[in-house]
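Values in this document were obtained by computation on a predicted structure and should not be read as measured data. Ligands are counted one by one from 1 in listed order, and the atoms in each one are counted from 1 as well.
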Amino acid sequence: MRQILYISTSTAPGDKADLAGILEQSRHNNAIDGVTGLLWSDGRHFMQVIEGPKVSISDTFARIQVDTRHEQLEVLHDRPIEDREFGGWSMAHRRANDPADAYDAQMHRLLSRASPSISKPFFDLMNNGRAGG
Ligand SMILES: Cc1cc2nc3c(=O)[nH]c(=O)nc-3n(C[C@H](O)[C@H](O)[C@H](O)COP(=O)(O)O)c2cc1C
């Protein structure tokens, strides 16, 4: 299997990223393609890890790379894996009035089985607004 972690910037102004549309397409496609992982967004940036069979990841990532809803896509991590680190596919988005504790707890739960090379960039981005390379 293959696992990719990347960061990108939303092309929609402000916090108007099309999260609902992305979520719907991803849930549908990833269930069929055997893709698991986590998509995080604050409405301006995306950070996503996808993992699964090599062919599924190549095809999915090729579509993601040409998607005009984001730009400045930078791959932080691309490696072969033996075992999945995510049980399913999920999306985390902190809305303006979501309590910080509940959001932190959710992210810790979602990242509980991920290796530090995956979880650290997520926590860096959540805490500092940027990912450590
Ligand atoms: C930040 C971001 C993350 C995305 N993640 C996924 C994903 O995990 N799986 C997926 O199939 N499409 C994902 N997409 C959407 C794809 O770029 C593409 O629009 C979609 O796969 C096309 O699916 P369709 O042909 O079924 O409409 C993502 C798009 C963006 C902008």
Side-chain angles (χ1 to χ4, degrees):
M1 291 192 292
R2 180 181 178 192
Q3 184 186 62
I4 296 176
L5 173 70
Y6 74 83
I7 184 167
S8 64
T9 304
S10 174
T11 48
D15 60 355
K16 296 280 185 290
D18 177 26
L19 293 173
I22 293 168
L23 180 64
E24 191 182 321
Q25 286 176 315
S26 301
R27 278 222 176 106
H28 176 85
N29 292 339
N30 294 353
I32 293 169
D33 299 334
V35 173
T36 50
L38 173 63
L39 172 64
W40 175 92
S41 182
D42 59 1
R44 270 179 242 180
H45 292 99
F46 296 107
M47 183 173 273
Q48 184 174 30
V49 54
I50 51 173
E51 62 183 16
K54 282 190 178 129
V55 174
S56 298
I57 295 303
S58 302
D59 291 355
T60 302
F61 192 56
R63 293 197 305 273
I64 292 173
Q65 277 182 303
V66 299
D67 196 314
T68 55
R69 287 172 290 190
H70 63 172
E71 62 189 1
Q72 294 169 338
L73 191 155
E74 184 190 343
V75 174
L76 300 179
H77 187 107
D78 183 354
R79 61 170 188 170
I81 51 166
E82 290 290 322
D83 301 306
R84 292 179 192 267
E85 295 182 359
F86 294 84
W89 190 86
S90 47
M91 186 167 102
H93 174 224
R94 187 175 172 196
R95 290 167 198 83
N97 47 4
D98 285 351
D101 301 6
Y103 170 74
D104 280 1
Q106 184 201 15
M107 287 301 288
H108 277 93
R109 185 173 54 75
L110 291 169
L111 290 164
S112 61
R113 286 196 291 142
S115 53
S117 59
I118 294 290
S119 55
K120 188 173 182 305
F122 274 98
F123 290 128
D124 286 349
L125 187 59
M126 281 168 61
N127 297 331
N128 312 321
R130 61 171 188 276

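Protein heavy atoms come within 4.0 Å of atom 5 (N) of ligand 1.
In His28, neither the side chain nor the backbone holds a heavy atom less than 4.0 Å from any atom of ligand 1.
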Check the pair Glu51 / Arg113 against salt bridge (Lys or Arg N to Asp or Glu O under 4.0 Å), numbers first and verdict last.
-> CA-CA 13 Å; Glu51 62 183 16; Arg113 286 196 291 142; over 6 Å; no

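Thr60 counts as a contact of ligand 1, since one of its heavy atoms falls under 4.0 Å from the ligand. The closest approach between any non-hydrogen atom of Tyr6 and ligand 1 is below 4.0 Å.
In terms of modelled atom types and a separation under 3.5 Å, the side chain of His108 and the main chain of Asp104 share a donor-acceptor contact.
Every atom of ligand 1 with a heavy atom of Asp67 under 4.0 Å away is listed here by number and element: 15 (C), 16 (C), 17 (O), 18 (C), 19 (O), 29 (C), 31 (C). Atoms of ligand 1 found under 4.0 Å from any heavy atom of Trp89 (numbered from 1 in listed order, with element): 8 (O). Close approach of ligand 1 to Arg63 (heavy-atom distance below 4.0 Å) involves ligand atoms 10 (C), 11 (O), 17 (O), 20 (C), 21 (O), 22 (C).
Contact between Arg84 and Gly52 at its shortest, heavy atoms only, is NH1-CA, 3.8 Å.
Residues Arg79 and Ser115 bring a donor and an acceptor atom of their side chains to less than 3.5 Å of each other. Side-chain atoms of Gln72 and Thr9 form a donor-acceptor pair, as typed in the model, at a separation below 3.5 Å.
Counting non-hydrogen atoms of other residues, nucleotides and ligands closer than 6.0 Å to CZ of Arg27 gives a total of 12 or fewer.
When each of Leu5, Leu111, Ile118, Ile50 is paired with Leu38, the side-chain contact (heavy atoms from CB on, under 4.5 Å) condition holds for Leu111 and for no other.
The pair Arg44-Asp42 fails the salt-bridge criterion, with no side-chain N (NZ, NE, NH1 or NH2) lying under 4.0 Å from an Asp/Glu carboxylate O.
At a 3.5 angstrom cut-off on N or O pairs, Arg69 counts as close to ligand 1. Checked against a 3.5 angstrom limit, the closest N/O atoms of Gln25 and ligand 1 fall inside it. Checked by distance only, ligand 1 and Asn30 come closer than 3.5 Å through their nitrogen or oxygen atoms. For ligand 1, the polar-atom distance check against Asn29 finds a nitrogen or oxygen pair separated by under 3.5 Å.
Scanning Ser56, Gly52, Gly21, Ser26 for the heavy atom closest to atom 7 (C) of ligand 1 points to Ser26. When the heavy-atom distances from atom 30 (C) of ligand 1 to Thr36, Ile22, Ile7, Val66 are ranked, the shortest goes to Ile22.
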